[in-house]
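Below: the structure, in structure tokens.
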Amino acid sequence: MTLPPCYTNPEPDDESPADPSRRSFVIGSAAATAAALISPILGAAPATAETPPKSDPNAVAVVLDVNGKRHELRLDPRTTLLDALREHLDLTGTKKGCDQGACGACTVLVDGKRINSCLTLAVMNSGKAITTIEGLASNGRLNPVQAAFIRNDGFQCGYCTSGQICSAVALLREGHTHSDDEIREWMSGNICRCGAYPGIVAAIREAANARV
Amino acid sequence: MIPIIGEPHDRVDGRQKVTGEARYAAENNLPNLAYAVLVTSTIPAGSIAAIDAAAAKSAPGVISVISHLNAPKLPDTGGQQQESNAAEHHHMPFSDDSVHYVGQAVAAVVADTFEHATHAAGLVRVNYRPTPARIVMEEHRSDAKERQGNAPATFSKGDAEGALASAPVKVDQVYRIPYEHHNQMEPHALVAAWDGDRLTVHDSAQNIFTTRQTLAKAFGVPTESVRVMSPFVGGAFGSKGSAWPHVFIAVMAARMVRRPVKIALTRRQAYFSNGHRPLTEQRVALGATADGKLVAMIHEGIGQTNTVCDYVEGFTSPTRSMYATPNVRVAHRVVELDLPSPTYMRAPGENPGMYALESAMDEMAYALKIDPIQLRVLNHADDDPANGKPWSSKSIKECYAQGAERFGWPRRTSEPRSMRDGRQLIGLGMASATYPSHRAPASARAVMHRDGNVDVSSGTHEMGMGTATVMAQLAAETLGVPFERVTFRYGDTTLPRAPISAGSLTVASVGSAVFAASSQLKRKVIDLATADASSPLNGTDPNDIDAADGKLTLKSDPSRGEAYAAILRRHYLDTMDAAADEKPEPNDPYSARAFGAVFAEVGVDPDLGIVRVRRIVAAFAGGRILNAKTARSQYHGGIIQGIGMALLEQTHLDRNLGAFTNVNLAENLVPVNADVRSIDVILVPEDDPHVNPIGAKGIGEIGIVGVAPAIANAVYHATGKRVRDLPITIEKLL
Ligand code: FES
Ligand code: FES
């Protein structure tokens with residue numbers, strides 16, 4: 001149902017009555033210099049608005065292996081792994097809470113390790129095995145951590161939940177579940193503003209106990 | 001009958017939330033989507049001298065740059081009185097060149113990808129003509145004024161000044177709460193799509209029907225041609241009740257570029273343009289007799305606001321109703337500054353107000369040398385002191401008693417610094433909690449299908465409170481059908497109208513409508529059966545019929561009965577339905593509030609000043625509880641935000657630039673998992689026959705009330721230091 005934005009055709013630029021001269025205004029020199037300096041990947045000649053982005057000369061080929069499925073994409077190299085998932089693959093289960101590595105909502109597993117997908121570019125993850133929240137259940141059967149989150153009411157709004165669960169799945173593998181305090185400490189990179197922490201800890205404890 | 005404490009069912013939306021299927025506003029990736037990214041002001045006051053968008057316009061992928069230079073002028077849609085929820089309606093976005101605060105949207109770049117839009121937004125050059133800005137509230141105290149808010153700005157009774165002057169025991173102090181942000185995990189976001197004159201909006205909102213009306217007014221289209229959807233909301237806490245500027249900007253952009261437009265505010269942007277709890281400075285003066293009877297209460301002070309929004313922090317609201325005393329004077333005023341707009345934040349009014357009042361009560365207990373609980377019980381208000389009306393129900397004494405027992409209050413020695421655990425100074429503190437029970441008109445529809453499944457709908461919101469689950473439970477219990485058979489639909493303006501989900505009124509309002517629609521539907525099927533010659537219930541008294549497990553049964557003869565589905569099938573009916581529009585009674589003879597008591601134990605490192613909350617016990621009486629599991633979680637959430645308010649949360653303001661500075665989740669501290677230890681919530685049963693048809697008072701907000709003062713009082717008990725300036729950070733204890 002979704003057409004990734006990298007394949008769409010933009011409408012022509014709307015003409016602004018308040019600024020009739022801008023078509024002929026070639027780029028203010030200061031801004032042009034700044035753009036060239038801060039953004040060498042744009043190249044010397046910025047594309048105009050009429051250029052369909054699919055021929056965006058800056059796009060690069062990226063192969064993402066997500067939940068066991070291979071995706072070949074052409075992406076703006078500035079695209080984070082998080083945005084590649086959400087905006088280009090329509091895997092919107094991974095959430096954007098801060099886009100700055102401070103909240104954990106975007107946690108995914110890359111080669112089995114939990115990482116903040118907002119802090120890594122998609123191109124840097126070519127060929128790695130990425131698991132998102134959508135890949136945790138198998139054949140409609142919830143991962144034990146997912147089921148424990150439901151039973152223990154480990155969420156309210158649900159926006160931090162994908163990140164909490166991916167983090168918890170890694171935490172179980174890391175073995176940081178010897179006590180509630182240890183769980184709390186090692187889950188403190190995932191903020192839950194709804195304050196579902198008591199349920200989150202209970203869910204992880206339950207899933208950990210079920211493993212032994 | 002519906003039990004007073006309902007079944008702890010798992011959430012109905014649980015599976016969607018743990019599998020990532022739940023789609024939040026920004027996740028509606030419509031075909032041909034364009035992305036809008038805002039350019040925001042860097043000065044607090046003045047005007048825009050020039051916008052140079054040339055570089056942005058010729059950057060790759062850019063479709064349009066929108067600002068006051070080319071935007072359509074939207075009319076002032078009015079404030080709450082005009083049934084609008086435009087937060088900054090005195091200055092609609094891009095309406096002129098004026099700048100009212102740092103972080104105000106001054107332009108929006110629309111491009112084909114998020115990366116292109118973000119890059120181009122950085123290329124827009126804006127020049128300003130700054131004017132002197134009013135930034136620091138304390139420097140403008142003398143300009144404080146009364147503004148009409150939710151509660152009247154002033155209230156008085158007796159002679160508070162006179163009684164205070166002659167009172168044998170007095171406490172007179174000023175308490176301060178800093179700027180704080182909601183920090184809900186999902187930043188504000190919107191996807192807007194026009195189809196001719198029809199507008200569809202995927203919003204993250206607490207108030208879709210009012211947003212619909214407001215957008216219709218702003219864009220000059222009939223209300224019916226606007227559809228607002230918000231089935232999942234990634235936290236709100238008051239920050240999503242209003243249509244903030246980005247809402248109008250996204251809708252405007254979608255119309256201008258003739259494509260669906262997504263706007264997802266950055267975390268940083270959301271600190272400036274989407275509300276905060278304002279800075280307040282509150283004086284509380286209490287006078288008491290030597291045996292602890294309050295004879296005077298004064299609560300007055302100021303809070304920040306600005307000139308583009310209508311918001312007033314009504315922090316004196318709880319003081320009018322909390323304790324019995326003959327002489328009261330309260331007044332809250334606002335100071336208009338050139339700063340971002342404040343807004344409702346969990347338990348607006350009551351939460352900041354109760355921090356001040358309940359801290360002062362603790363100080364009074366020490367001044368009197370009596371137990372803090374005893375002081376509160378001595379001054380218990382048997383009727384509502386604000387209006388003399390009887391309470392619909394009130395169980396605060398049970399909350400004090402049950403909380404104190406569970407907490408182990410009697411082992412507390414009242415002298416400060418008198419309790420230790422190893423090196424740690426231990427402090428035990430308590431505070432009362434209250435929040436008014438509101439109710440607003442709401443509608444609902446219930447449809448029974450011939451297979452026995454039931455669809456119930458009302459266009460309300462689910463921000464994690466458990467609305468979807470408890471409404472399904474309420475319908476199931478009212479109709480007597482299994483919970484699994486009921487589906488509740490919400491979050492869409494094509495459904496029956498529901499009010500804003502705020503002020504803890506959702507269960508009372510929408511619940512009453514769901515209850516009425518379900519009751520009517522049940523009665524319709526009963527009437528069909530009793531009039532039907534082939535029904536075993538033919539000719540029986542409808543009042544003698546009970547429903548359970550999808551079946552109607554005669555109470556006086558349980559062998560007679562039949563299933564709902566059988567009745568529909570025999571009459572060749574695919575569905576039967578009922579709809580209800582419910583309103584609160586005008587001139588309610590009762591006053592209604594939920595009450596509670598919060599107990600906190602802190603450990604303070606005597607050398608380092610580090611405070612840890614070791615445990616919280618809180619007892620709340622909020623009328624009928626529809627689901628014990630989701631209710632507990634609601635309370636946990638409030639309590640944890642209260643821990644944050646007490647110890648961590650503050651948004652710093654640069655006094656020269658007029659900008660908030662710690663505008664990211666790394667520096668704007670909120671509690672993380674390791675900050676939270678044991679939290680024990682007691683659901684005190686309370687049967688309230690008066691508050692509303694379902695007897696539920698609303699519990700979304702009271703959970704935060706009383707937590708910060710209970711912790712502050714515990715810190716005083718531990719250290720002998722009274723911090724009257726939140727949050728209680730290390731330097732204030734050293
Ligand atoms: S979105 Fe990545 S850590 Fe917050
Ligand atoms: S469930 Fe809402 S932020 Fe965690």
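Predicted, not measured: the structure shown is a model, and the values here were computed from it. Within every chain, numbering begins at 1; the chains are lettered A, B, ... in the order of the sequence lines, protein sequences first and strands thereafter.
- Rounding to the nearest 0.5 Å gives a distance of 9.0 Å between NE2 of B:H119 and CG of A:N58.
- Closest heavy-atom contact between A:G195 and B:H636: O-CB, 3.9 Å.
- Annotation: the span from B:E186 atom CD to A:Y159 atom OH amounts to 5.0 Å, rounded to 0.5 Å.
- Within residues 11-20 of chain B, the residues that have a heavy atom under 4.5 Å from a heavy atom of chain A are B:R11, B:G14, B:R15, B:K17, B:V18, B:T19, B:G20, listed by number.
- In terms of heavy-atom proximity, A:K96 sits nearest to B:P187 at O-CD, 3.5 Å.
- One finds the OH atom of B:Y35 at 8.0 Å from the CG atom of A:D83 (value rounded to the nearest 0.5 Å).
- Qualifying salt bridge (Lys or Arg N to Asp or Glu O under 4.0 Å) partners for B:D97, counting only residues two or more places apart in sequence or in other chains: none.
- Remark: B:L665 CG to A:I191 CD1 distance equals 5.0 Å, nearest 0.5 Å.
- Note that CD of B:E27 is 9.0 Å distant from OG1 of A:T94, once rounded to the nearest 0.5 Å.
- Residues B:N29 and A:E87 have side chains in contact (heavy-atom distance under 4.5 Å, counting atoms from C-beta outward).
- In this structure, chain B has a heavy atom under 4.5 Å from the side chain of A:Q100, while its backbone stays farther away.
- Here the closest heavy-atom approach between residue A:R193 and residue B:Q641 is recorded as O-NE2, 3.0 Å.
- Residues from residues 134-143 of chain A that place a non-hydrogen atom less than 4.5 Å from a non-hydrogen atom of chain B comprise A:E134, A:G140, A:L142, given in numerical order.
- Atom-to-atom distance recorded for A:K95:NZ and B:Y24:OH is 5.5 Å, nearest 0.5 angstrom.
- In this structure, chain B has a heavy atom under 4.5 Å from the side chain of A:I200, while its backbone stays farther away.
- Counting only residues at least two apart or on different chains, no salt bridge (charged side-chain N to carboxylate O under 4.0 Å, His left out) pair has a member in residues 636-646 of chain B.
- A:N190 has its side chain out of reach of B:N673: every pair of non-hydrogen atoms, C-beta onward, lies at least 4.5 Å apart.
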